[in-house]
Structures are given as C-alpha cells and as structure tokens.
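Below: one structure, written as structure tokens.
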Number of protein chains: 2
Amino acid sequence: MTPSRDEKKKITRQTILEAARACFEAEGYEATSVRDIASAAEVSAGSVIHHFGSKRELLYATLFEDLETTMREALSLCTSPPLGAQLDAMTRHIFSYYLRRPRLSRVLLKESLFAEEPWASRFREQTARLHGAVEALAGDAMRRGELSPVVDARMLAMAYVSFYYFALLAWAQGGHEDPARLVSVQMAQHLRGLSSARTTGG
Amino acid sequence: MTPSRDEKKKITRQTILEAARACFEAEGYEATSVRDIASAAEVSAGSVIHHFGSKRELLYATLFEDLETTMREALSLCTSPPLGAQLDAMTRHIFSYYLRRPRLSRVLLKESLFAEEPWASRFREQTARLHGAVEALAGDAMRRGELSPVVDARMLAMAYVSFYYFALLAWAQGGHEDPARLVSVQMAQHLRGLSSARTTGG
DNA sequence: GAATTTTGTTGAACGTGTTTAATGTTTTTG
DNA sequence: CAAAAACATTAAACACGTTCAACAAAATTC
C-alpha cells in the first residue's frame, strides 16, 4: 500500500496550504516567512515554492476559494424587492467575509487588485459575476416598473461595483466602520437621481 | 569653503532621488534594486535607506510631488459649466499624468492605496482635496439651478471619487484604454438620475 | 581650542523570497 | 524486469531590502 506520487503530492500540497493558512491568520501575511510555513508543514522552503510558485500565490490559494464561496452565496441570495434592498443584502454578505479577517483582507485586496495572470483573470471574473448579478437585478427592477425603462442596466451595475470597491478601499484604509452602509447610501443616491432636469423639463 | 553638513546632506538626498527616478523610469520599480540606485548615485546602499527609510518611501518621494503638482493644476482649472464638462476637464488632466507613466503609475497606485503613515495621510489628503473641489463645483451647479436643490453635494463628490478610482483601477489592470471617458460616462449617468419615481410621481 | 556629541557614510551581516543543482524515488518505456 | 525519464524534495546559494557596528568628520559644548 505505497501511496502513489500523485496522492503524496496532493497531501503535501494540502499540508502546506493548511500550515500557510494557520500562519497567515495567526501572524499576518508579511510577518510569516516561507520558512515558517515550511517548518510548520515539515517540508523545506523550496518545496513550498515548488508547489505554489511564490509566497503571494500561496496567499491567493488560501483565500480565493473562501472568497469564491462567499461570492457564490451572495449571488444566490433571494431577497425580495425593491432593488436597493436586494443589493444591500448582497453587499452585506460579501463584506461580512472581509470584516471577519481585517488584516488578511487588507493584503488580499491589495494583492488581488494588482495580481498577475492567471490570478488577475480569476479575480476579474469574480467581479464580472458580481456585475452580472447586479445587472440582472436591475433588469428585473425595470420590468417591475421600479426603474425607468431608459435606464442602462450595465451602467447601473458598473456604478454599483464602483461604490463597492470605493467602500472596500475606504474600509481597508481604516476610514469607515461600516462599508456596506456606505455602498447602500451611495447606491440610494444614485437611484434617486440627481439632475433637476427631470423636475423642470418635459 | 567646506560645505556645511546640511548642504552636503541635501545634495546627497537630491542625487539619490534623481538616480532613483531615472532607474525607476528606465527599468521599473521592482526591477530596480536599492544597490542599483546607490551605485548610480555613487553612494552605498545603506546611505539610500538612511536618507529615505525604505525603497518604497523612495518611490513615494519620487512621485508624490509630481502628483501633487498635477492635482493642484487640475483643481485650479477654470472650465465653464455645465458641471459635467468641468469634471471631465479635471479628470482628464489628472489621468494624463498617470497615462504618461503606465508602469510606474500602476505601482504607485498599488502602494499609495495601501501606504502606511505618514504617506497614507498625504495620499488621503490629496483625495480629500479632489473630493472638496468636486463638492464646491456641485454647490455652484446647484446655485445655477443646474442641479436640484435637494442634491447632497458631498454625496455627489463621493460618487465622483468612486468612479474616479474605479476607472483608474480598471485602467491599471489593463481593462480600459480611456479611463477618463469611463468616469465621464458614469458621472453622466449619475447626474441624469435613474429612478422612474421622478417621471411617475409628484 | 580641546573634549564631547551628533550624524552622514560605509561595508559587513541578517533574514527574506526565490533559484538551482543534486538526490532519491516513482513512473514510464522498451 | 531493466533502462530511462519524470519529478518531488532538499540544502546550498543568490539577490534582495534592511539593519548594524564602526568610523570619520562636522557641530556643539565647555
């Protein structure tokens, strides 16, 4: 019953991943050295790099799946209209993931926003899915008559994502305690409409 | 005529700064080592760190002033109404600074968004000044009757800044050629107003 | 003006992430 | 089953940013 090389590889990978997650959560990303992770996983530092390419990619590996799960949950949330409430629920669900790990989220945000391929694509895809979900909800709202039929759902979704990242960055910089509320307030302002043209014009 | 210690210090600092700027522009931030800068400035690596604290702070020092100048220029731009045109002019002026140095801007954006003190405050202050300028322009627009008097100028400014950073990040990730246009389009949508309440209600 | 303190400068050294050459074992090939 | 290829693993080495002890020279003190 000698374990095959593939099995051993997978076990080693998993061991390193768990050791890394533990070290990162306990000490933070920067304070954790590759050698720390290696000795916690009882392998050499070279082996850690061999399996994951770099320390940064190890960070991605530890956090991406969790974020993916959270995102999927958020997108499958079935909140009842109006649109504002639906978006709020989504925002809150996703942000709760970040708020639970302030230190790691900060570095994840920093590194994921400026990742190289193939991670850049993966993170971009997550954002694209969020964008798509908001667009779909906006479409529903238009069909309900809650939004004017001339609204561009794609633009609305882009505005949401802008507010989303702004709030996330403001929070990561220590500026806001409740980023979800910030998104909510900004989105409400956006939906309310600002131009006086509608009140004075035809 | 032995130069005083203060003078010598200033000269050394300036020499290092110029060497660093040259290296960063030529090779990029990550590809430039502290030792490269040191030998270009004909000092030791330790001296470079002694003067600037860290390689990252040297990056801030090389780029912050330029950005500061650009920002000040943008804020003192006197474009004629409507508000949208005024904001577009500002956006374009600032973004032209980034677009001129794509590689360095990318790393500056990354590092400045997540800087530690005292740089964090400085960059936050720049954003705050941008925010303030937009708020003032929005106030003018309200007094002109261009915007509804119920509009919250601070919220409008926050929306602008959100679009601003979203476009900048999208550009830095290689997604958009013309981030200024992206801001313009999003801001136009925001000003136009989205809710059908205004057409059906009141 | 001598003694003392301050401080700009340096080269060596530290810990870092990553690379590399060598090794032993598993898998594949013939 | 033997020969060959593939590959996970490691220790040593590398370049990196940064720290440090030592030094020399300028500034300060008395």
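Per chain, numbering begins at 1; letters A, B, ... match sequence-line order. Source: prediction; values computed, not measured.
The neighbour count for B/E25 CD, taken as heavy atoms of other residues, nucleotides or ligands under 6.0 Å away, is above 12. Few gaps surround CZ on A/R122; more than 12 heavy atoms of other groups in view lie less than 6.0 Å from it. Heavy atoms of other residues, nucleotides or ligands lying less than 6.0 angstrom from CZ of B/R101 number more than 12. In A/E68, the CD atom is crowded: over 12 heavy atoms of neighbouring residues, nucleotides or ligands sit closer than 6.0 Å.
At a threshold of 4.0 angstrom between heavy atoms, the contacts of A/S33 are confined to the sugar-phosphate backbone, with no base atom among them.
Separating the CD1 atom of A/I37 from the P atom of D/dT9 is a distance of 16 Å, rounded to the nearest angstrom. Following rounding to the nearest Å, A/F52 (CZ) and D/dA8 (P) show an atom-to-atom distance of 13 Å. Between B/D6 atom CG and D/dA27 atom C1' there is a gap of 10 Å when expressed in whole angstrom units. Rounding to whole angstrom units, CD1 of residue B/I49 and C1' of C/dG15 are separated by 15 Å. Atom CD in A/E30 sits about 19 Å away from atom P in C/dG15, given to the nearest Å. Separating the CG atom of A/D36 from the C1' atom of C/dG17 is a distance of 12 Å, rounded to the nearest angstrom. Taking atom NZ of A/K10 as the reference point, atom P of D/dA8 lies 13 Å away to the nearest angstrom. As a whole-Å value, the separation of B/H51 NE2 from D/dT19 P is 15 Å.
For A/R35, counting side-chain heavy atoms from C-beta on, the closest listed nucleotide (C/dG8, D/dT18, D/dA13) is D/dA13. Closest to the side chain of A/V34, out of C/dT18, D/dT9, D/dT18, is C/dT18. Nearest to the side-chain atoms of B/S47 among the listed nucleotides C/dT10, D/dA11, C/dG17 stands C/dT10. If you check D/dT18, D/dT9, C/dT10 against the side chain of B/S54, the one that comes closest is D/dT18.
At a threshold of 4.0 Å, the pair B/R124-B/E117 counts as salt-bridged, since one of the basic side-chain nitrogens sits closer than that to a carboxylate oxygen. The existence of a salt bridge linking B/R143 and B/D140 is confirmed by a sub-4.0 Å separation between a basic side-chain nitrogen and an acidic carboxylate oxygen.
Contact check, B/H50 against C/dG8: a side-chain N or O comes under 4.0 Å of OP1 or OP2. Look at A/T12 and you'll find a side-chain N or O under 4.0 angstrom from OP1 or OP2 of D/dT9.
With sequence neighbours left out, the side chain to side chain donor-acceptor pair (under 3.5 Å) criterion links B/H93 to B/E73.
Relative to the axis of its first five pairs, the axis of the last five pairs of the helix from C/dG1-D/dC30 to C/dG30-D/dC1 sits at 0°, rounded to 10 degrees.
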